[in-house]
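Along the sequence shown, residues are numbered consecutively beginning with 1.
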Amino acid sequence: MPVIKTVTGADEDYVTAEQFSKYAKEHDVKPATLAVAWVMANCTVTAPIIGARNLEQLED
């Protein structure tokens, strides 16, 4: 699995993102859809805020 190197030393964030994307792909779902579902399932979040830039992103 390729790891993107950063100047700030946040390599573990990229590893986590790559693992998250791999998990989403294995379950035939887009990473953004999985992320929103994860936030919505968190009982401490009262209103997930998404930042779609266009209609196509909302349709995912």
Side-chain angles (χ1 to χ4, degrees):
M1 175 183 314
V3 177
I4 300 169
K5 297 294 180 187
T6 65
V7 178
T8 61
D11 295 340
E12 59 276 1
D13 294 337
Y14 286 99
V15 171
T16 300
E18 289 169 355
Q19 291 171 340
F20 186 86
S21 294
K22 180 181 175 187
Y23 180 88
K25 185 174 183 177
E26 289 171 353
H27 290 84
D28 197 30
V29 65
K30 294 185 179 184
T33 303
L34 181 59
V36 171
W38 181 83
V39 170
M40 290 178 63
N42 186 333
C43 64
T44 62
V45 177
T46 57
I49 299 172
I50 57 174
R53 290 179 291 234
N54 56 51
L55 183 59
E56 183 178 295
Q57 290 176 338
L58 284 175
E59 293 171 347
D60 287 343

| query | Taking only residues two or more places apart in sequence or in another chain, which ones pass side chain to side chain contact (heavy atoms under 4.5 Å, CB included) with Ala37? | reply |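 With neighbours one apart ignored, the set is empty.
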| field | Test side chain to side chain contact (heavy atoms under 4.5 Å, CB included) applied to Asp28 - qualifying residues, sequence neighbours left out | value |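 Residues passing side chain to side chain contact (heavy atoms under 4.5 Å, CB included) with Asp28: none at all.
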| request: Under the side chain to side chain donor-acceptor pair (under 3.5 Å) rule, collect the residues that match up with Thr46, sequence neighbours excluded. | output: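 Expected list: none.
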| message | For the CZ atom on Phe20, are there more than 12 heavy atoms of other groups (residues, nucleotides or ligands in this structure) within a distance under 6.0 Å? | response |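 Counting other residues, nucleotides and ligands, CZ of Phe20 exceeds 12 neighbours.
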| message | Rounded at 0.5 Å granularity, tell me how far OG in Ser21 sits from NZ in Lys30. | response |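 That separation rounds to 13.0 Å.
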| Would a hydrophobic clustering, with Ile, Leu, Val, Met, Phe, Trp and Tyr connected at side-chain separations under 4.5 Å, put Val29 with Tyr23? |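 Val29 and Tyr23: one cluster.
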| query | If you look at every heavy atom in Gln57 and Gly51, which pair is closest and at what distance? | reply |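 Here Gln57 and Gly51 meet closest at OE1-O, 4.3 Å.
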